[in-house]
Amino acid sequence: MTKKNTYTGEFYQRDRSMHPPAYAEIYKTSVPRSPKQALISIENSLSEITGPKFGHNDLGELDNDLIKNYAQTGDAIGERIIVHGRVLDENGRPVPNTLVEIWQANAGGRYRHKKDMYLAPIDPNFGGCGRTITDEDGYYFFRTVKPGAYPWRNWVNSWRPAHIHVSVFGTAFAQRLITQLYFEGDPLIKKCAIVNTIPDQDAIDGLIAPLDMNAGVPLDCLAYKFDIVLRGRRSTLFENRLEGN
Amino acid sequence: MPQNLNYLRETASQTAGPYVHIGLAPGAAGFKLFEKELGQDMAGPYANGERITITGRVLDGTGSPVRDVLLETWQANAAGIYAHEEDPRHSEVEKGFSGWGRVISDFDSGEFVIKTIKPGATPGRNGATQAPHINLWIVARGINVGLNTRIYFEEDSNAHASDQIINLIEQLHRRDTLLAKKTGENTYHFDVVLQGENETVFFDV
Ligand SMILES: [Fe+3]
């Protein structure tokens, strides 16, 4: 596998069957926030195949270490974990040098956010956000604590499974993606309305990070592996250019 | 069974949720963590062109402003060049111009403010020219897959007449949903309507 992504053509059409529909009755907030009209499909132009680039100058040294990056009096409280994996495209090629951002609740399920009023306590040593840039092989990792489950208003007794929000850029604005990582074995995954907006079981399974004993650090932390797949593209630039729209 | 095609499948999208600010705009969530928050300066100090401010709101299907929305913008500079290596002219982009920005709505009013420079016309397909536009990506609680749309500028109506993307919109009145309205010198208004009457045109890019 070559390291550099030299595919420069158009992006494959997004497979919408992998994604939740805009309107998902079980996730109540989507009801008023979902467009009713069909999306208009447009072919790639420069506006879609370009996108922002980030460099290591944009980041701080501890940005990918959530155990330390907000520590005031000591480490963040909770089950210490590494989350690691690769950003790939649909061709199976690594996406190097791309920005990955995460945010999450603390070990008790509470977010450090002025709008989060959940009764679980704020951890004074945990901010809850991190970011990193993938290496030449598309590899990334974070160190953090496993987030707690938390209740939310959907049905009266709705709980989010433990999850980490993940934002990825890729090389083009057309690849922009936000998703959520869940943890293998969590019984709340099956019950979650937000998970269940996804109509495809394989697509759901793709959001569940397996425990990865080989990647943990003995006597220190466990690890979970989470590969992220962004849209792939054709190998050549606009080879159908002459056929018009 | 035929052979396997061996493509991977794109990771499924999930909503950014109500606390998207923690990760992408922690200052707004109420704390400082990163030395440098990303996407705060789209144009940089040296960009040529007209400095503009676009204000607006994202409205839901009941007409209420969405107060926990996050928008990302992606645009060319005033000469119509993207700061990205796949734009053949990218080396001409002014130092400090990224063309990418991130804004959130005000938690009370729902208003967002985009401060940038007006982009120039960019290359379209088959040698065509696209009217000046800002690409917009919208995420929030209740939005399951980020929504793509474009901001065009009211005064460029001549360029809109030949814009390939605008011309794909069959219902003529819906084209107006992509127009930022001039409200003063260098200021524009642009609302996004997620659903219902005057629903903004969204694209599958
Ligand atoms: Fe969450």
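Chain identifiers are assigned alphabetically (A, B, ...) following the order of the sequence lines, protein sequences preceding nucleic acid strands; residue numbering begins at 1 within each chain.
Atom CD of B:E170 has 12 or fewer heavy atoms from other residues, nucleotides or ligands within 6.0 Å.
Only the side chain of B:I165 has a heavy atom closer than 4.5 Å to any heavy atom of chain A. With a 4.5 Å cut-off on non-hydrogen atoms, B:T122 touches chain A through its side chain but not through its backbone. For chain B, the nearby part of A:K53 is the side chain; its heavy atoms alone come within less than 4.5 Å. Both the backbone and the side chain of A:S47 have a heavy atom closer than 4.5 Å to some heavy atom of chain B. For a residue to count as touching a neighbouring chain, one of its non-hydrogen atoms must lie under 4.5 Å from one of that chain's; by this rule A:L99 touches chain B with the side chain only. The contact between B:P123 and chain A is made by backbone and side chain atoms together, counting heavy-atom distances below 4.5 Å. Contacts of A:Q37 with chain B are made by both backbone and side-chain atoms, with heavy-atom separations under 4.5 Å. The contact between B:V66 and chain A is made by backbone and side chain atoms together, counting heavy-atom distances below 4.5 Å. In this structure, the portion of A:E101 lying under 4.5 Å from any heavy atom of chain B is its side chain and not its backbone.
Heavy-atom pairs under 4.5 Å with chain B peak, among A:P20, A:G51, A:G130, at A:G51. Contacts with chain B were tallied for A:A203, A:S30, A:P52; A:P52 has the most, counting heavy-atom pairs under 4.5 Å. Note on B:A28, B:G61, B:A29, B:P18: by heavy-atom pairs under 4.5 Å with chain A, the leading option is B:A29.
Close placement of the A:F169 and B:W100 rings is indicated, their centers lying within 6.0 Å of each other.
Between A:Y111 and B:Y19, the ring-plane angle classifies as tilted under the 30° and 60° cut-offs. Under the 30°/60° scheme for interplanar angles, the aromatic rings of A:H113 and B:F107 are found to be tilted.
Side-chain N/O atoms of A:H19 and B:E10 include a donor and acceptor closer than 3.5 Å. There is a side-chain donor-acceptor pair under 3.5 Å between B:Q14 and A:Y182.
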